[in-house]
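So the structure is just underneath, and the comments pick up after that.
Just so it is clear, the structure is predicted and the values come from calculations on it, not from any experiment. Positions are given from 1, in the same order as the sequence printed here.
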Amino acid sequence: MEVTRECIVTVSHPVYHITNTFAMKDICQDGLKPLCGERSKYVGDSLKAIYFTDDFKCIPEWMKLLYENKDPYELEVLRFDIKDRKEWSSRGEEGYLLDKVGKDEVSYLRIVHSKKGDLPLSYLRNIDFIKESRLLWKSLDEYCPLIKM
């Protein structure tokens with residue numbers, strides 16, 4: 001990953017991180033920690049960091065790239081704010097943090113459809129369902145994995 005700028009964002013600026021449900025127990029206890037796992041290395045990253053996108057519309061693309069063969073019920077999208085944090089940006093809407101993000105600063109996404117209930121993240125690719133749905137960001141204190149129906 002090539003770094004193009006370092007900055008501190010001084011206004012509220014939510015960013016998004018995709019993870020496996022099996023990592024949620026640790027995240028709910030300790031928050032997000034800088035790591036460099038297999039998926040980070042797969043896309044050319046080598047630094048222990050918390051990688052994110054600030055473009056919500058890019059999440060389906062990142063899901064496909066990082067978790068192509070993963071069941072969408074086994075994935076979570078997390079959100080946190082980078083206001084007043086030293087952020088390193090690498091490529092446009094992507095960036096990373098070198099410092100931990102506390103559990104109280106992180107929320108997770110639920111897509112709630114009026115007729116179908118909670119939907120898996122794969123529905124983020126379907127704009128019609130998103131238009132008919134509510135995107136709810138919940139506290140990690142409330143975390144419960146999405147159950148496959």
Chi angles and distances behind the side-chain contact (heavy atoms from CB on, under 4.5 Å) call for Glu76, Leu109: CA-CA 7 Å; Glu76 296 291 357; Leu109 176 64; over 6 Å; no
Worked verdict on Ile27 versus Leu32 for side-chain contact (heavy atoms from CB on, under 4.5 Å): CA-CA 6 Å; Ile27 293 169; Leu32 289 167; 3.8 Å; yes
Val11 with Val101, same ILVMFWY side-chain cluster at under 4.5 Å: yes
Ring-ring centroid check Tyr16 Trp137, cutoff 6.0 Å: yes
Common cluster, Leu135/Met63, ILVMFWY with side-chain heavy-atom separation under 4.5 Å: yes
Candidate pair Tyr51 and Ile18, rule side-chain contact (heavy atoms from CB on, under 4.5 Å), full reasoning: CA-CA 9 Å; Tyr51 294 93; Ile18 304 170; over 6 Å; no
For Asp118, all residues meeting side-chain contact (heavy atoms from CB on, under 4.5 Å), sequence neighbours excluded: Arg110, Val112, Leu146
Side chain Asp71, main chain Tyr73, donor-acceptor under 3.5 Å: yes
Check: Glu142 main-chain N/O paired with Tyr108 side-chain donor or acceptor under 3.5 Å: yes
Cationic N near anionic O, under 4.0 Å, Arg85 to Glu105: yes
Side-chain heavy atoms of Leu119 within contact of Ser133, under 4.5 Å: yes
Salt bridge Lys64-Glu68, side-chain N to carboxylate O under 4.0 Å: no
Verdict with reasoning, Val106 to Arg79, per side-chain contact (heavy atoms from CB on, under 4.5 Å): CA-CA 6 Å; Val106 180; Arg79 179 178 76 173; over 6 Å; no
Flag side-chain contact, heavy atom, 4.5 Å: His17 against Phe80: yes
Side-chain touch Glu94/Trp62, heavy atoms, less than 4.5 angstrom: yes
Between CG on residue Leu75 and OG on residue Ser122, distance to nearest 0.5 Å: 9.0 Å
Spacing of Asp99 atom CG and Ile82 atom CD1 [to the nearest 0.5 Å]: 12.5 Å
Gap between atom NZ of Lys57 and atom CG of Leu124 - 0.5 Å precision: 13.0 Å
ILVMFWY cluster, Leu121 and Leu65 together (side-chain gap under 4.5 Å): yes
Thr53 and Val15, any side-chain heavy atoms less than 4.5 Å apart: no
Flag side-chain contact, heavy atom, 4.5 Å: Leu98 against Leu47: yes
Nearest atoms (heavy-atom pairs only) where Leu140 meets Met24: CD2-CE, 3.8 Å
Polar contact flag, side-chain donor to acceptor under 3.5 angstrom, Asp81-His13: no
Chi angles and distances behind the salt bridge (charged side-chain N to carboxylate O under 4.0 Å, His left out) call for Lys103, Asp141: CA-CA 9 Å; Lys103 66 180 181 178; Asp141 293 337; 5.4 Å; no
Electrostatic pair Lys100:Asp30 at N-O distance under 4.0 angstrom: no
Point-to-point distance, once rounded to the nearest 0.5 Å, from OG of Ser12 to CG of Asp84: 10.0 Å
Tyr67 side chain to Glu74 side chain, donor-acceptor N/O pair below 3.5 angstrom: no
